[in-house]
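Whatever order the structure lists ligands and atoms in, that order sets their numbers, starting from 1. Values below: every heavy atom of this structure, side chains too, minus hydrogens, waters and symmetry copies.
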Amino acid sequence: MRILIVEDEDKTSSFLSRGLRESGFLVDTSPDGERALLLVLERSYDLVILDVMLPGIDGWEVLRQIRARGLRMPILFLTARDAVDDRVRGLDAGADDYLLKPFAFSEVLARVRTLMRRPPIQAREDLCVADLEIDLVRQRATRSGVRLDLTAKEFALLGLLVRRHGEVLSRTFIAEQVWDVNFDSDGNVVDVAIRRLRSKLDDPFEKKLIHTVRGTGYVLEDRT
Ligand code: CA
């Protein structure tokens, strides 16, 4: 399994590459986007770890060009803890997961292993469930062609539910993914947000897509 790390900060790059090599992966590194784009065409990588902040071509552009070249390997991007919008932007641009800096190596390894097991996200047409369609690039959601008027947060929540449709997501997981908070509370923030999303997504339509799984969390699926 070969991994490419694209990161200009030596410290982070060597921390990652050392840990991944010790875990049995083959690792290449690139300090910038230009070289990374050459490498992804030369060699076949099973995963790319991509820092958003790079000199020259930034991580967003690297991500876009990798996907534009039809390469579908999983991409894990690294972003600063306070850059909340980056997460949505990265996932929408075709990344598969993200890590907030600073991170522990155990987190990296867990994400890498999960991503390598998961088939890569396919093209946009996969982001349809029943009559719900979401366009991640333009951040639009429609049901039966009717545009849903969602806030950025609601869109992020819906995006997560759709990407993982059919999978029961716990409140804790949703909170971590959408709000970046660690919950030991009752998950009230998530419940409130789900209620708001339902009022736009499900209430006006006969077919309900978000389902509560008692004691666990929520799942978005077409149950007909
Ligand atoms: Ca950087």
Side-chain angles (χ1 to χ4, degrees), residues 1-118 120-121 136-139 152-153 155-156 159-160 163 173 175-182:
M1 289 294 206
R2 187 179 286 277
I3 297 177
L4 175 64
I5 297 167
V6 190
E7 166 64 281
D8 59 310
E9 294 152 28
D10 284 342
K11 234 174 107 179
T12 309
S13 180
S14 53
F15 164 74
L16 283 172
S17 55
R18 192 173 55 240
L20 289 167
R21 283 191 186 112
E22 282 169 6
S23 306
F25 296 100
L26 296 170
V27 181
D28 292 335
T29 59
S30 169
D32 59 60
E34 286 84 352
R35 180 160 164 71
L37 288 170
L38 293 176
L39 282 171
V40 292
L41 291 178
E42 268 172 26
R43 288 184 165 179
S44 115
Y45 290 99
D46 300 291
L47 182 115
V48 176
I49 298 179
L50 177 63
D51 185 42
V52 169
M53 298 293 287
L54 293 170
I57 310 178
D58 67 12
W60 305 120
E61 185 58 18
V62 174
L63 179 58
R64 196 190 65 75
Q65 290 200 31
I66 286 176
R67 292 306 187 221
R69 288 164 194 193
L71 298 167
R72 294 245 154 250
M73 78 288 269
I75 297 178
L76 172 63
F77 73 95
L78 309 177
T79 182
R81 194 158 283 274
D82 53 353
V84 177
D85 291 343
D86 278 5
R87 292 181 284 161
V88 177
R89 188 176 168 195
L91 294 172
D92 291 352
D96 299 85
D97 207 347
Y98 61 86
L99 262 179
L100 303 175
K101 287 181 170 180
F103 42 76
F105 186 72
S106 58
E107 289 179 83
V108 179
L109 195 57
R111 299 294 171 101
V112 164
R113 289 191 167 141
T114 304
L115 285 173
M116 284 185 160
R117 278 197 302 267
R118 192 193 298 166
I121 290 172
L136 292 172
V137 177
R138 285 182 291 174
Q139 298 227 359
K153 212 68 193 171
F155 191 86
L160 174 69
R163 274 192 296 273
F173 178 79
E176 283 171 2
Q177 296 287 313
V178 179
W179 286 271
D180 184 29
V181 286
N182 290 309

Using the Ca ion (ligand 1) as the vertex, how large is the angle between OD2 of Asp51 and OD1 of Asp8, rounded to 10 degrees?
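About 120° at the Ca ion (ligand 1).
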Thr12 backbone or side-chain N/O/S under 3.0 Å from the Ca ion (ligand 1)
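So Thr12 does not bind the Ca ion (ligand 1) by this criterion.
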Using a strict cut-off of less than 4.0 Å between a Lys/Arg side-chain nitrogen and an Asp/Glu carboxylate oxygen, indicate whether Arg117 and Asp96 qualify as a salt bridge.
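So Arg117 does not pair with Asp96 through a salt bridge.
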With the Ca ion (ligand 1) as the reference point, give the N/O/S atom of Glu7 that is nearest.
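So the atom name we want here is OE1.
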Measuring from Leu115:CG to Met73:CE, what's the distance to the nearest 0.5 Å?
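Result: 12.5 Å between the selected atoms.
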Distance in Å, Asp32 CG paired with Glu7 CD, rounded so as to fall on 0.5 Å steps
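Output value for this atom pair is 11.5 Å.
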Evaluate the ring planes of Phe15 and Phe105, with Trp represented by its six-membered ring, and classify them as parallel (under 30°), tilted (30 to 60°) or perpendicular (over 60°).
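Ring orientation, 0 to 90° scale: perpendicular.
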